[in-house]
Amino acid sequence: MPKLNEKSAVVPQQEKKYPTRKLLNSKHLAGYQRDFARVILTETEYTIKEATTVLDEVLKGGR
């Protein structure tokens, strides 16, 4: 079995988490009403994908 060195090992990229207050002011969440999003996003930080998924589930019925 071939040995893997650090450079050849495949490590999945972890999505960056952002503070919720910054996400609320970002263009990524501009399509959501900020007041509703502020109430729905209760964690201190989210990835962009996590935030939009949570908002879609609550506001759009999980589409």
Side-chain angles (χ1 to χ4, degrees):
M1 180 174 232
K3 289 184 179 181
L4 292 177
N5 61 28
E6 289 181 30
K7 292 181 182 178
S8 66
V10 177
V11 179
Q13 288 287 5
Q14 194 173 29
E15 289 187 54
K16 184 175 179 176
K17 289 196 173 199
Y18 300 94
T20 302
R21 61 181 168 73
K22 284 193 175 191
L23 281 173
L24 290 169
N25 294 319
S26 73
K27 66 179 180 179
H28 299 287
L29 300 185
Y32 301 94
Q33 288 190 0
R34 192 174 293 157
D35 291 338
F36 292 132
R38 185 177 291 118
V39 172
I40 294 166
L41 298 176
T42 58
E43 299 294 322
T44 57
E45 59 184 24
Y46 292 90
T47 65
I48 295 168
K49 185 176 181 178
E50 288 172 338
T52 56
T53 300
V54 169
L55 290 169
D56 286 344
E57 285 178 2
V58 174
L59 297 173
K60 299 179 180 178
R63 287 188 220 158

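Owing to the predicted nature of the structure, the values given are computational and were not obtained by experimental measurement. Sequential numbering from 1 along the given sequence is applied to the chain's residues.
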*asked:* Working to the nearest 0.5 angstrom, can you tell me the gap between Leu55 CG and Gln33 CD?
replied: 11.5 Å
*Mind checking the CZ-CG spacing from Arg34 to Asn25? Nearest 0.5 Å is all I need.*
4.5 Å
*Rounded to the nearest 0.5 Å, what's the gap from NE2 on His28 to NZ on Lys49? Could you check?*
14.5 Å
*Partner of Tyr32 by side-chain contact (heavy atoms from CB on, under 4.5 Å), out of Ile40, Leu41, Thr52*: Thr52
_Lys22: which residues meet the salt bridge (Lys or Arg N to Asp or Glu O under 4.0 Å) condition with it, sequence neighbours left out?_
none
*asked:* Tell me every residue that passes side chain to side chain donor-acceptor pair (under 3.5 Å) with Arg38, counting only those two or more places apart in sequence or in another chain.
replied: Asp35
*Drop me the distance from Glu50's CD to Glu15's CD, to the nearest 0.5 angstrom.*
7.5 Å
_Inter-residue atom distance Tyr18.OH - Leu29.CG, 0.5 Å rounding_ = 11.5 Å
*Considering non-hydrogen atoms only, spot the tightest contact between Thr20 and Glu45 and give its length.*
OG1-N, 3.6 Å
